[in-house]
Each structure stands twice: as structure tokens, then as C-alpha cells.
Amino acid sequence: MRLIAALLSVLLIASTAQSTVTIYESSKPGDFDFYLFVQQWIYSYCDSQTCIQNKEREAFTIHGLWPENSDGSYPSFCSGPSFNVNAIQDLEDQLNFDWPSLTGPNTDFWTHEFSKHGTCSITGPITDIHDYFATGIKLYTEFNITAALESENIYPSDSNTYKPADITNAITTHLGGKPGIQCSSGQLSTVAVCIDKDSLSIMDCPDLQGWSCSGSVKFPSTA
């Protein structure tokens with residue numbers, strides 16, 4: 001039983017009806033192909049979650065900066081330092097606004113994101129906890145999803161619908177790299193841009209397991 005538990009702690013398989021994603025635990029930092037920089041649309045997220053009311057607004061916010069592999073696998077919970085909020089004190093005001101938890105304390109969310117994803121991201125230009133969160137803020141400023149959509153006349157609306165291809169093409173054209181998009185209950189919920197792990201520049205995303213939308217998509221202006 002101990003041997004089985006040890007093996008499971010190294011390699012987890014998350015299965016769905018459509019795909020299987022391999023999640024490696026206790027990996028070495030830097031052992032991945034690229035980053036997914038993931039942003040969530042607040043009103044879609046809060047349509048299915050009980051959000052803290054004063055955090056709701058018309059915006060994409062950062063979900064995370066996630067190491068990813070081209071085959072759909074990804075590392076998690078790598079060796080390295082534990083999250084320490086004192087390391088990001090100078091970033092807290094901006095993180096509270098741009099990288100908030102919509103359902104609980106922000107520090108709990110940051111702890112989870114760094115423990116699961118940030119520990120595996122200490123490589124190249126990202127050398128410590130501060131760099132990880134500062135990079136997220138930098139990418140959020142640089143890759144403005146709302147502005148990309150507005151450039152092609154895609155605006156939040158509770159009545160209009162959009163084609164997934166038009167959403168993808170707007171982001172690709174404006175930001176310079178093909179994204180991944182996810183929908184929930186017919187609403188655009190999440191957008192990921194793919195980031196080169198060495199240069200931190202945008203790149204075309206490969207086909208991402210579980211990242212797709214179909215039919216007519218809403219981009220809600222209220223929760």
C-alpha cells in the first residue's frame with residue numbers, strides 16, 4: 001500500500017469523458033514547455049459561484065500563471081520555497097485588484113496558486129516568489145483581453161452572442177498569439193494566452209485539452 005501511495009503522489013491521472021490530463025506532482029521546477037496565463041471573466045464565474053459582492057465588476061482578472069506541456073500534462077506542487085506573503089508586500093495593492101479571489105481571502109488564493117503552480121515556475125526570468133507574482137501583473141497589463149475583444153467590436157452584453165472563432169480571432173489579431181478559450185453554460189468564462197517560458201513573450205497555443213467553446217457564446221455584462 002505504501003508503494004502504491006508513493007507512486008500516486010508522483011503521477012496523478014485526471015480523467016473526464018472527453019480527455020485525460022496527466023498531472024505530475026513533486027516535479028523539478030522548470031520542467032515544462034510553456035506557460036498558460038489564465039484570466040477569468042468575473043460575471044461568468046460569479047454566475048455559477050457565490051462571489052463576494054464587492055469584488056464583482058466588469059473585468060477579466062488573473063486566475064493564474066500555469067506551467068504546461070505540449071502534450072497536455074503539467075507539473076504541480078514542485079520542490080522549493082513555501083508561499084510567504086511578506087515577499088510580495090509591495091505588490092499587494094495591485095494583486096488585490098487584478099489577482100483576487102472572488103470567493104474568499106486573497107491570500108488563501110495566492111497561497112494555492114503559488115504552491116500548485118508557482119513552485120514549478122522558478123526558472124529562467126522567474127527566480128522567486130516575488131518574480132512569479134510580478135510577472136503575472138506584467139502579463140496582465142501587457143495582454144489585455146478586454147481591449148483585444150473590443151478591437152473587433154466584441155463587448156459585454158446580456159443579449160448579444162458571439163461565435164467562438166470571432167473571439168479567438170480577435171485575441172489572436174490584437175495580441176499576436178492564438179489563445180485557448182473556455183465556456184461555462186454558454187458563457188465565455190476563461191481565456192488563456194500561451195507564454196514562452198524563457199522570453200515571456202506570447203506564442204500560439206497548441207490544441208489544449210478541455211479548452212473549447214461551441215455554438216453561440218454570451219459575454220455577460222452582469223452576473
Side-chain angles (χ1 to χ4, degrees), residues 14 19 21-41 59-81 83 87-88 91 94-95 98-99 109-110 112-149 151-152 164-165 167-182 188-213:
S19 62
V21 177
T22 305
I23 308 168
Y24 296 93
E25 283 195 357
S26 303
S27 303
K28 293 180 180 179
D31 187 16
F32 60 94
D33 294 333
F34 60 93
Y35 290 109
L36 285 180
F37 181 58
V38 182
Q39 300 180 46
Q40 58 196 4
W41 182 247
F60 283 99
T61 55
I62 302 170
H63 190 164
L65 181 62
W66 302 345
E68 181 82 4
N69 291 312
S70 298
D71 64 2
S73 66
Y74 64 89
S76 63
F77 299 104
C78 294
S79 58
F83 177 78
I88 55 171
L91 303 175
Q94 194 159 4
L95 289 170
D98 295 337
W99 199 332
F109 184 40
W110 303 334
H112 168 78
E113 287 299 308
F114 183 78
S115 299
K116 184 175 182 180
H117 303 290
T119 52
C120 302
S121 301
I122 307 302
T123 185
I126 298 179
T127 61
D128 54 27
I129 296 171
H130 188 277
D131 282 352
Y132 176 74
F133 286 96
T135 298
I137 292 171
K138 177 179 179 294
L139 294 174
Y140 182 73
T141 302
E142 186 173 355
F143 301 116
N144 187 320
I145 302 299
T146 304
L149 295 175
S151 72
E152 298 296 327
I167 294 170
T168 299
N169 291 339
I171 296 168
T172 303
T173 299
H174 190 73
L175 300 184
K178 185 180 77 171
I181 63 173
Q182 285 182 330
L188 178 65
S189 59
T190 313
V191 174
V193 294
C194 292
I195 303 295
D196 183 275
K197 73 176 188 180
D198 296 315
S199 66
L200 299 181
S201 57
I202 195 169
M203 54 181 272
D204 284 339
C205 289
D207 291 335
L208 301 172
Q209 296 182 39
W211 289 81
S212 64
C213 295

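The structure displayed is predicted, hence computed values, not measured ones.
- With sequence neighbours excluded, the residues satisfying side chain to side chain donor-acceptor pair (under 3.5 Å) with Ser70 are Asp33.
- Atoms CG and CG, on Asn144 and Leu139 in that order, are 12.5 Å from each other to the nearest 0.5 Å.
- Interatomic distance, Thr190 OG1 to Gln39 CD, rounded to the nearest 0.5 Å: 10.0 Å.
- At least one donor-acceptor pair closer than 3.5 Å links the side chain of Asp128 to the backbone N or O of His130.
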> Between Leu149 and Leu188, is a side chain to side chain contact (heavy atoms under 4.5 Å, CB included) present by the stated rule, with each step listed?
Replying inline: CA-CA 12 Å; Leu149 295 175; Leu188 178 65; 4.3 Å; yes
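- With rounding to the nearest 0.5 angstrom, the CH2 atom of Trp66 is 7.5 Å from the NZ atom of Lys116.
- Here the straight-line distance linking atom CD of Glu68 with atom OH of Tyr74 works out to 8.0 Å at 0.5 Å rounding.
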Check the pair Thr123, Phe32 against side chain to side chain contact (heavy atoms under 4.5 Å, CB included), reporting the backbone distance first and the verdict last.
CA-CA 10 Å; Thr123 185; Phe32 60 94; 3.9 Å; yes
| Which is it for Trp99 and Phe133 under the ring-ring contact (aromatic ring centres under 6.0 Å, His included) test, yes or no, and what are the steps along the way? | CA-CA 9 Å; Trp99 199 332; Phe133 286 96; 5.0 Å; yes
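- Two residues are said to be in side-chain contact when any heavy atoms from C-beta on lie closer than 4.5 Å; Ser212 and Pro164 fail this criterion.
- At least one donor-acceptor pair closer than 3.5 Å links the side chain of Ser151 to the backbone N or O of Ala148.
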| request: Could you walk me through whether Ile126 and Tyr35 pass the side chain to side chain contact (heavy atoms under 4.5 Å, CB included) test, one step at a time? | output: CA-CA 12 Å; Ile126 298 179; Tyr35 290 109; 3.4 Å; yes
| Between Phe37 and Phe143, is a ring-ring contact (aromatic ring centres under 6.0 Å, His included) present by the stated rule, with each step listed? | CA-CA 9 Å; Phe37 181 58; Phe143 301 116; 7.4 Å; no
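- Checked by atom type and distance alone, the side chain of Gln182 pairs as donor or acceptor with a backbone atom of Gly210 at under 3.5 Å.
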- prompt: Are Trp41 and Ile145 close enough, and set up right, to give a side chain to side chain contact (heavy atoms under 4.5 Å, CB included), and what steps lead you there?
  reply: CA-CA 10 Å; Trp41 182 247; Ile145 302 299; over 6 Å; no
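- With hydrogens and angles disregarded, a donor-acceptor distance shorter than 3.5 Å links the side chain of Asp204 to the backbone of Lys178.
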Report, one line per pair, each donor and acceptor closer than 3.5 Å where one atom sits in a side chain of residues 169-176; sequence neighbours left out.
from, atom 1, to, atom 2, distance (Å)
Asn169, ND2, Ala165, O, 3.1
Thr172, OG1, Thr168, O, 2.8
Thr173, OG1, Asn169, O, 2.8

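- Rounding to the nearest 0.5 angstrom, the gap separating the CZ atom in Phe34 from the CG atom in Asp196 is 10.5 Å.
- Under the salt bridge (charged side-chain N to carboxylate O under 4.0 Å, His left out) criterion, Glu142 pairs with Lys138, not counting sequence neighbours.
- Ring orientation note: the planes of His63 and Phe109 are tilted relative to one another, at an angle of 30° to 60°.
- For the pair Val38 and Trp211, the minimum side-chain heavy-atom distance is below 4.5 Å.
- Pairing each heavy atom of Asp31 with each of Pro75, the nearest pair is O-CG, 4.0 Å.
- Side-chain contact between Cys194 and Ile202 is absent, with no heavy atoms from C-beta onward closer than 4.5 Å.
- Of all non-hydrogen atoms in Cys205 and Ala192, the two that sit nearest each other are SG-O, 4.0 Å.
- Residue Leu91 comes nearest to Ala134 through the heavy atom pair CD1-N, 3.7 Å, listed as atom of the first residue, atom of the second, then distance.
- One finds the NZ atom of Lys28 at 15.0 Å from the OG1 atom of Thr119 (value rounded to the nearest 0.5 Å).
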